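What follows is a single structure, written as structure tokens, with notes after it.
In the text below, chain A, chain B and the rest are named by the order of the sequence lines, each starting its count at 1. Bear in mind the structure is a predicted one, so any value in this text is a computation, not a measurement. Only heavy atoms go into these numbers, but all of them, side chains included; no hydrogens, no water, no symmetry mates.
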Amino acid sequence: MSDLLLMLSAIAVPVVSGIAVGLIKMNAKAQKALVLSACALTAVITGVNAAADTGASHVVLSVVGPLELTLCTDGVSKIFSIIAVVMWLLAAVFSQSYMRHESKDTHPRYYAFLLVSLGMTLGMDFAGDMITAYLFYELITLTTFPLVLHSMRPEAIRAAKKYLFYSVAGGFMALFGIFFCYNNCSTLAFTAGGSLLPQGGTGIMLVAVFVAILGFGAKAGSYPLHGWLPTAHPEAPAPASALLSGVIAKAGVLAIIRIVFYVVGADLIAGTWVQYAWTGVALLTVFMGSMMAYREKLFKKRLAYSTVSQISYVLLGLSLLNFGGVTGALLHVIFHAVIKCGLFLVAGAIICKTGLTNIDDYTGIGKRMPVTLWCFTICSLALIGIPPLSGFVSKWYLASASLAEYPGALGWICVAVLLVSALLTAGYLLPVTVRGFFPGNDYKTGERCEADAYMLVPLIILAVAAALLGIFIPDQLRSLVYAIAGAVAL
Amino acid sequence: MKDIVFDFPLFTIILPLLGAVICSVAGKKVSKYVYFAVSLICAALSVPVLLYTLENGYFTRAMGHFAAPFGNEIRVGTAEVLFTLLAVLLPALSVLGGKRRLMEDISEKKINFYFVMLCLLQSAITALAYTNDLFTAYVFIEISTLTSCGLLMIRQIGRTTVAAVRYMIFNLLGSGFVLMGICMLYDLTGYLSMSYIKEAVADIAATGKYTVPLTAAVGLIVIGIGMKSGMFPFHLWMPDTYSTSTTASACILSGLVSKGYIFLLIKIIYRVIGFDVMEGTGVPLVIFVFGLAGMIVGSLGAIRENEIRRMIAYSSAAQIGYIYMGIGIGGPAAQAAVAAAVFHIFTHALTKPLLFISASGLSQASGGEVKFAALQGSAHRNPIAGAAFTVGALSMVGMPGFAGFISKLLFAQAAVASDNRAIITLSVLAISTILNAIYFLRTTMRIYLPSAEPRQNTSVYKNGTAFVFACAVLTAFNVFLGMHSQPILDMINAGIETLA
Amino acid sequence: MERVFLLLPVLIPVLGGITVYFIPKLKNRLANTVALCAVVLASVAAWFLILSGEREPFVILEMINGLRLELSLDGLGSFFLGLISVLWIIALIYAFGYMKNHEHLRMYFSFYVISYGVTCGIALAGNMLTLFFFYEMLTLVTIPLVIQPMTKLAKRAARKYMYFSVGGSAFAFFGLVCLIVCASSPDFVPGGAISAQTYEKYKELLDAVYVFTFLGFGVKGVVFPMCMWLPSATVAPTPTTALLHAVAVVKSGVFTIIRLTHYSYGAKILSGTPIQTWLILLVVFTILYGSSMALRETHFKRRLAYSTIANLSYILFGVLLFTQQGLVAGLLHFLFHSVIKIGAFFCAGNIITSTGREYTTQYKGAGRYMPVSFICFGICGLSLMGLPYFAGFVSKWQLCVAASAQGSAAAYIGIAVLLISALLTAVYMLSIVINAFMPCREEDKKDFEKMRRTDVRMLFGAVVPSVCAALFGFFSSYAVSIITECVKGVF
């Protein structure tokens, strides 16, 4: 019972405070206090909930028949919810400084939707059955798209509408799949390994699952519904972009995890065309995302393409369906969240302080904002996969798992794609560092404009985490990941 | 006491003749009262006859000293008496409704002449209903033709005269055909008395020798009566005639005279030829097809019209088409269909005068105009006429609650029961309903919508009491038939069974 | 209980409406009060009838050949009656606020009230003849409501409505006659009134007649292609379109089709025939047609009209599955859609009246000045599109469940189309709200600032159904059990 209370309050606190920030007029100090304390409180509640050791699911509301609102905290919930609250807290801190360069009357709207979407994300993390997950999935879309819309420029409006349309379309595709799951599984509540009925393994069920994967993949930026992501993520204010890329995109991943491993069960799609197609789609997105990032000149857009690519690493791992794949995927979820947040916050810092958005203008930026760029460098190295930084660990798992799962050519193709992508990642991240610190002789030094404490502290925390998490994974986390993978993987 | 009832039908034929004589020498007012008195008395006389026939079936009465088949006789059954009641009451109501127009259209000196014509017409139609002799029927056909021409021509405008001449030509042609048919029948059978002819015709048909002449005779009679009553394609005289005559005449002609001829046709089919022999000649099929065509073509013509009275006249053509369709449908449901046709005779006879009368009221409230543009919003200037027109229109369209709906229902039921003609009949019924709705409801909307330009005087037109009375009675009959038609239908069914 | 009480919900509004017509021109308050009293009294009588259980039918009059005009109240009828009796009150209050400054008020309100009586007659009809009678009456008494603005467009729209309706009735008349001839009982029998032997004997005729009658009644039930009158009819004032689209006319069409299909013909006869497949495909096509046209349409009320066309075919889809689940799901959507659509139309009415603009492209930024109406419209949109646990989601889910249980190919096509239509619904409903909360154009700012405040009655009309649109989903198990109770005996 107490965990139900914890979950409900974890959802309620941000939502209520978000509504309060949005509707009640308050001065800057009060606003700052409310936002930060709400995030902190939510973090504490979630932490306590994660530390507790239950997995029971609670029916909050029974609507009709199988349609119920259920919440539960299992291993996957714990991971995703902790990521969410930590990232949100750091972003909220960063926002205090970042938002100073935006006009004051947009603040309430921004913070309101920031907080409410935290509540919705936690709702999705704590969802106990597929319909509740779908409900919060849609609510996340509805509450985050005002963040994309924030600047109200025509491009932002277009990007937000595109986001909405792709997400909703993906949601309905997923609903198609969920519906067939309802027919062919004994329950829509999450059970490790799924609850597929014996007669449920039909062809149309495979199609339905595949459609659901593609549909949920919309939020995760997976091909073919990825088109909104590179336009939408850059339009939001940088802290919001960080969250969109780092955490909210993972909502799509979470949904896919839930439907494949906890409703249908990996057995259904193992070895079938669905698994091959899924892997293929993931590989395609990995490659394509990196390629587009390499060619893109706008910094935030480059990072957005990078997100497209990196999340498909996770999906690749999941598509392998084996222990290593799932482990690698989950670890990459954590690591990518940390890294991408860090990268976007760096972008935010640079844009905030210098107003420069194009990569070509970043020559010599290291002279002006050294600490920021150091954080950037560490995160980049982690993302590329340089041992012993965190990114390396997850990619290693992915590579070895793909070889294990696909003994033939496909396995080697996976590894090759991973390698190429890593090279491309280096290609699109490192030049910023290099040119930033080594501008060449023609450069005229600008004045120092290092980011302030509100910005630097989250950056440093993230950079350190990106570096060290790989080697110093807390035991509890490791055992949790292994437990999950063991329970659901083949 | 019972025996005197036997003589009542004869009285109802002779009394109007007497009335005509009196009217010819009386003045305007006296002739009017004489006419109404005659109508009332005839109606009163017919009621006991009706009750008698309901109990005891039909009876015959010899006219003159010779018995049938060489003498003349009348035969009185339920259907005939019902029709006579209609024939007696309807002209009276029409005159009441169109009285104001009557007084305006006809010159003072000629009004008594009008009532002379009316009395003669009434006598003729009654005789047509009762007679059991073909030649007598022909004589009275001629009398009704001439008197109806008189009713038309009495309005002395150029257009009326032209229309009346055209009417006369069609009718005389029709009468000519009927006469030829009667002569051929006499040649074939040697009889002029209806029931006797029937036996003879049955014998002839059994031998199979004179099929062509028989068919020709039947065909001539049908065409002749069709021309006179407005069967497709002989309906083209109707719009001119009904739109240019005075209102009362239009009502009487469209409501009663055509129906008289049709009733005679039904009698001939059942009592003279016999329906089985008819089917053998193939003529019912022709009647059926012409009926269907009339239903559609009449409505199409109405849609294109721009004047209200011509529109109503075309609608008559369509309604006559319904009746002919019912007569010709044949097959296992023949009797039900004919019952439906007779019921529709009554419905139409009560509704068409209502429409003509209310249309004249509306047009009088709009300065005498008949075009639709002028009639816009006229229902607000003459609410009673507007309401009456609405009732008539709704009945024509077949709105449940009015008589027209029951007619449609009866036709449709009969159609469903007839196997091979069901689909086409139902389809044409549906299409014709839609077409009816188009022009009637469009007109109803028009008369209620306020006109765009403001008119000079927006005062409400004052109707005469006679007008209001006529509208009210006709509406009441319509609604009564729509809501409580079972007794009438029973009477009609009983009548048809004894018609043969 | 007394049978004659069945006449009350029909008679009170008709008499009340006629009374309203004759109240002198200046006494608006009195007229409004009389109208409201008539409607409330009739609703009270209706609920009294619903709650007091079974009673004998009441014969209004005997027509011919044993045909009777008869009122009776069974499960399906109580369902419809209960729905309209509540919604009419809300609609009337809204209408008072909306029509404040318009003309021809006497005519409008009198026919508004009279049509309530006629619709109750449809719900209470005990056999097809009575139903047909009130159905035709409904066409007549709603024409003045459409024509009220008296503009050229209004007259044309009213004529179009009239022609379509009468045309449909002409074909539906076939069904009436065939049922009179072929049915074992003239009254409505749950499960069908035509015996299997009769069906065998007249198979081709009955099949053809069913299709014609379905299409005939489908004029009011807005099945493609007989739905074309509905978008033009939106020139009528909003209280009319809300009533026409949510409660009276179109739902009467669907109600009549349900009577025809399940209470006259019956699933036993029609289930599994090619007719079922073809009609399901037609209905599914209508869903696609309505949703796509709604997307392309920029006139606000016409967009909602096309949305109604699509949603009514959801109901018919459920009905044509010929299973109990399908019928219950269809009726659930019947209920929920009425509430959602009436809310959406009232919000639209508020927006159009206050801003004076009719096209969805003109509302950029208006949300700041009319937050309540736009947010309520957004709630209705979310519910209609199918956000989980809002009312629209539950009914669509139930329809999909019923369709997949029925299992035919046409049913699966229907499921796919339902989802596509949900996506289109999301776009065409939510884009209006999103645009409203964008920054407004400079040239519009002054106009929006000068807008009058919305009349509180109109706000009431907008808020109440919208809130229900959101919350009813949570009570759907209750609703499902009531509906199942209402249609027991049909299968």
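- Contact detail for C:A170 and B:A430: the closest heavy-atom pair is CB-O, 3.4 Å.
- Chosen from B:N436, B:V397, B:L441, the residue pairing most often with chain C at heavy-atom distances under 4.5 Å is B:L441.
- If you take CG on C:L140 and CE on B:M399, they are separated by 4.0 Å, rounding to the nearest 0.5 Å.
- Atom CE of residue C:M162 and atom OG1 of residue B:T444 lie 7.5 Å apart, to the nearest 0.5 angstrom.
- In this structure, C:F173 and B:F405 have perpendicular ring planes: the angle between them is above 60°, well past the 30° mark.
- Environment of OH in C:Y199: crowded, with over 12 heavy atoms of neighbouring residues, nucleotides or ligands closer than 6.0 Å.
- The environment of CZ in C:F164 is crowded: more than 12 heavy-atom neighbours from other residues, nucleotides or ligands sit within 6.0 Å.
- Heavy-atom contacts from other residues, nucleotides or ligands closer than 6.0 Å to CD1 of B:I424 number 12 or fewer.
- For the pair C:M137 and B:P400, the tightest heavy-atom approach, listed with the atom from each and the gap, is CE-O, 4.3 Å.
- The two residues B:I434 and C:G167 have their closest heavy-atom pair at CG1-CA, 3.6 Å.
- Contacts of C:Y163 with chain B are made by side-chain atoms alone, with heavy-atom separations under 4.5 Å and no backbone atom involved.
- Distance NZ/C:K155 to CZ/B:R442: 14.0 Å, rounded to 0.5 Å.
- Among C:L69, C:V209, C:V177, the residue making the largest number of heavy-atom pairs under 4.5 Å with chain B is C:V177.
- With a 4.5 angstrom heavy-atom cutoff, B:L410 touches chain C only via side-chain atoms.
- Comparing B:L429, B:L426, B:V416, B:D490 by heavy-atom pairs within less than 4.5 Å of chain C, the highest count is held by B:L426.
- Looking at B:M483, the atoms closer than 4.5 Å to chain C (heavy atoms on both sides) sit in the backbone and in the side chain alike.
- In this structure, CG on B:L409 lies 7.0 Å from CG on C:L129, to the nearest 0.5 angstrom.
- Both the backbone and the side chain of B:I438 come within less than 4.5 Å of a heavy atom in chain C.
- Distance NE2/B:H484 to CG/C:L61: 9.0 Å, rounded to 0.5 Å.
- Contacts of C:I60 with chain B are absent, with no heavy-atom separation under 4.5 Å from either backbone or side chain.
- Nearest heavy atoms, B:Q413 versus C:V181: CG-CG2, 4.2 Å.
- Per-residue counts of heavy-atom pairs under 4.5 Å with chain B were compared for C:Y202, C:F132, C:F174; the largest is that of C:F174.
- Within the 4.5 angstrom heavy-atom criterion, no atom of B:I488 approaches chain C.
- Considering NZ of B:K408 and CG of C:L176, their distance stands at 9.5 Å, rounded to 0.5 Å.
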